[in-house]
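Just so it is clear, the model here is predicted, and its values are computed rather than measured.
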Amino acid sequence: LVFLFLILLLAANAYANLTLFGRINATSIPPAAYVYVDGVYKAYTPRIIPNILPGTRQVRFVRSGYAPRNVTVNVLSGQLTHVNVTLSAS
């Protein structure tokens with residue numbers, strides 16, 4: 001019985017760790033913009049970016065020939081945050 005309890009405790013801890021982070025679904029028009037989260041390059045659009053710490057995050061979209069776009073988002077633990085932008089030609 002103690003062994004079963006320990007297994008359940010470890011499984012619950014593993015699940016809690018999986019949901020510690022949030023994700024960002026980054027999309028842009030036009031696509032293929034570089035995405036930076038808090039100044040760190042993460043991917044290019046469209047992309048779901050995993051392992052984002054919860055809290056207020058600065059998301060920056062950059063593509064050659066277009067003005068960069070900055071968006072402030074609130075990422076929640078275990079949740080997918082959608083960030084959709086339209087870039088303007090520069």
Side-chain angles (χ1 to χ4, degrees):
L1 188 59
V2 171
F3 181 72
L4 180 60
F5 174 76
L6 289 175
I7 290 175
L8 289 174
L9 185 62
L10 288 173
N13 187 38
Y15 179 76
N17 286 336
L18 288 175
T19 59
L20 172 67
F21 297 102
R23 298 177 297 150
I24 292 176
N25 181 20
T27 59
S28 67
I29 297 173
Y34 293 114
V35 182
Y36 297 82
V37 178
D38 294 335
V40 177
Y41 172 77
K42 294 293 183 178
Y44 58 89
T45 61
R47 188 75 49 158
I48 294 178
I49 306 167
N51 302 323
I52 304 296
L53 284 173
T56 302
R57 301 283 159 243
Q58 299 298 316
V59 182
R60 183 175 176 86
F61 295 80
V62 178
R63 181 172 167 169
S64 181
Y66 292 84
R69 181 86 184 271
N70 299 306
V71 180
T72 301
V73 298
N74 186 32
V75 175
L76 301 176
S77 178
Q79 301 294 314
L80 178 64
T81 302
H82 296 274
V83 186
N84 310 303
V85 299
T86 300
L87 301 175
S88 301
S90 57

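A side-chain donor-acceptor contact under 3.5 Å links Asp38 to the backbone of Gln58. At distances below 3.5 Å, not a single donor-acceptor pair connects side-chain atoms of Thr45 with backbone N or O atoms of Arg47. The backbone N or O of Leu20 lies less than 3.5 Å from a partner atom in the side chain of Ser77, making a donor-acceptor pair. With hydrogens and angles disregarded, a donor-acceptor distance shorter than 3.5 Å links the side chain of Arg63 to the backbone of Pro31.
When hydrophobic clusters are built by joining Ile, Leu, Val, Met, Phe, Trp and Tyr residues whose side-chain heavy atoms come closer than 4.5 Å, directly or via intermediates, Leu80 is not grouped with Val75. At a threshold of 4.5 Å between side-chain heavy atoms, the hydrophobic network of Ile, Leu, Val, Met, Phe, Trp and Tyr places Val37 and Leu76 in two separate groups. Both Val35 and Val71 are assigned to one and the same hydrophobic cluster, defined by single-linkage of ILVMFWY side chains at heavy-atom distances under 4.5 Å.
Across every non-hydrogen atom of Val73 and Val83, the tightest pair is CG1-CG2, 3.5 Å. Closest approach of Arg69 to Val85, counting heavy atoms only: NH1-CB, 3.7 Å. For Thr27 against Phe61, the heavy-atom pair with the smallest separation is O-CE2, 3.9 Å. Between Ala33 and Leu87, the shortest heavy-atom contact is CB-CD1, 3.9 Å. Among all heavy-atom pairs drawn from Pro54 and Phe21, the shortest one is CD-CA, 4.4 Å.
Taking the six-membered ring where the residue is Trp, the centroids of Tyr34 and Tyr44 are separated by 6.0 Å or more.
Partners of Arg60 by side-chain hydrogen bond (donor to acceptor under 3.5 Å, both in side chains), not counting sequence neighbours, listed by chain and number: Asn70.
Here the CZ-OG1 distance, from Arg23 to Thr81, works out to 9.5 Å after rounding to the nearest 0.5 Å. Atom CD1 of Ile24 and atom CZ of Arg57 lie 8.5 Å apart (nearest 0.5 Å).
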